[in-house]
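Just below is one structure, and these are the notes that go with it.
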Amino acid sequence: MAPKKKARVSERAVNSGKDDGETASPVKQKVGDKRKVSAESGKSKESSESPGSPHYCHWLMKSEPESRFENGIDVKFGIEDLKALSNQTSCWDGVRNYQARNFMRQMKEGQLAFFYHSNCKEPGIAGITEIVKEAYVDHTQFDKKDVHYDATSKADNPKWSMVDVQYQRMMKRFLPLSELKKYHLQHRAKGGPLKDMALFTRARLSVQPLTTEEFDFVLSLEDKEPLRT
DNA sequence: GCCAACGTTGGC
DNA sequence: GCCAACGTTGGC
């Protein structure tokens with residue numbers, strides 16, 4: 001996810017395999033992209049998601065704020081890195097997990113996503129980004145030099161998508177995973193908005209949805225004293 | 001650095 | 001299409 005270069009939450013993973021969800025979702029083209037998307041190429045599926053699946057409008061996206069080298073390439077990309085880019089905007093490339101990809105394909109312009117710092121000293125929610133461009137082809141899947149190159153993905157049927165996110169703001173205070181987890185456990189025991197939060201129930205997913213209740217509750221923590229116990 | 005959890009691969 | 005082996009994620 002970097003504006004034009006950078007990495008995200010290494011979601012590397014040997015992909016290939018069946019496309020679980022939909023077929024190439026309506027890759028929304030934007031200016032500059034010459035490839036004409038032949039009007040859905042007649043696919044019937046398109047924005048799949050089972051009919052019954054709730055449609056989310058808030059997200060959490062993980063990225064690593066500390067240096068880590070993968071094939072000689074540093075995958076570091078924390079919220080400060082996003083903030084430093086021109087336009088404070090970056091594409092979120094490198095996602096190589098079908099569920100995470102499918103969630104990105106559901107994202108709509110204007111929606112908000114928590115920027116989560118993972119695989120670091122203090123994991124947790126650092127800030128908020130806005131989705132500024134809906135899912136389109138992740139070019140890094142075709143780049144042999146890229147850490148997330150996918151030899152099994154073909155140009156005429158790309159497997160991986162990405163969205164563009166723009167820095168919105170830092171959390172008023174960093175929200176550590178440890179604190180969120182305390183709430184999660186508490187809510188799981190006695191009920192509460194974080195009882196089913198994906199961060200804990202689907203720990204390895206790098207792009208995950210939040211219900212409005214979850215999102216609002218997390219936001220409310222900004223104004224509270226850090227939970228201790 | 002360890003390792004639990006879990007997604008993916010591939011044999012059958 | 002099952003499922004064991006394998007590989008990755010990511011907290012600790």
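FYI, side chains are in, hydrogens and waters are out, and symmetry mates aren't considered; it's all heavy atoms of this structure. It should be emphasised that the depicted structure is a prediction, and the values quoted were computed from it without experimental measurement. Chain identifiers are assigned alphabetically (A, B, ...) following the order of the sequence lines, protein sequences preceding nucleic acid strands; residue numbering begins at 1 within each chain.
A salt bridge is defined here as a Lys NZ or Arg NE, NH1 or NH2 lying under 4.0 Å from an Asp or Glu carboxylate O, and A:E222 with A:R169 meets this definition.
The distance between atom CZ of A:R202 and atom C1' of C:dT8, rounded to the nearest whole Å, is 16 Å. Look at CD on A:E66: it is 11 Å from P on C:dG11, rounded to the nearest Å. A:L180 places its CG atom 11 Å from the P atom of C:dG11, with the value rounded to the nearest Å. Rounded to an integer number of Å, the gap from CZ of A:F200 to P of C:dG11 is 10 Å. Regarding A:N119, its CG atom lies at a distance of 13 Å from the C1' atom of B:dC2, rounded to whole Å. Between A:N97 atom CG and B:dT9 atom P the separation is 11 Å, expressed in whole Å. Remark: P of B:dG7 and CG of A:D150 are 19 Å apart, rounded to the nearest angstrom. In this structure, the CG atom of A:L199 is 10 Å from the P atom of C:dC12, given to the nearest Å.
Listed candidates were B:dG7, C:dC12, B:dC6. Nearest to the side chain of A:R204 is B:dC6.
Sorted by first then second residue, the salt bridge (Lys or Arg N to Asp or Glu O under 4.0 Å) pairs that include residues 212-221 of chain A, not counting sequence neighbours, number zero.
Shown here is A:K145, whose NZ atom has no more than 12 heavy atoms of other residues, nucleotides or ligands within 6.0 Å.
Between the side chain of A:Q141 and the backbone N or O of A:D138, at least one donor-acceptor pair lies under 3.5 Å.
Within the 4.0 angstrom heavy-atom criterion, no nucleotide atom of any strand lies near A:K121.
Contact annotation: A:K181 side-chain N/O to C:dG10 OP1/OP2 distance is not under 4.0 Å. Using a 4.0 Å cut-off, no side-chain N or O of A:Y98 falls inside it from OP1 or OP2 of B:dC6.
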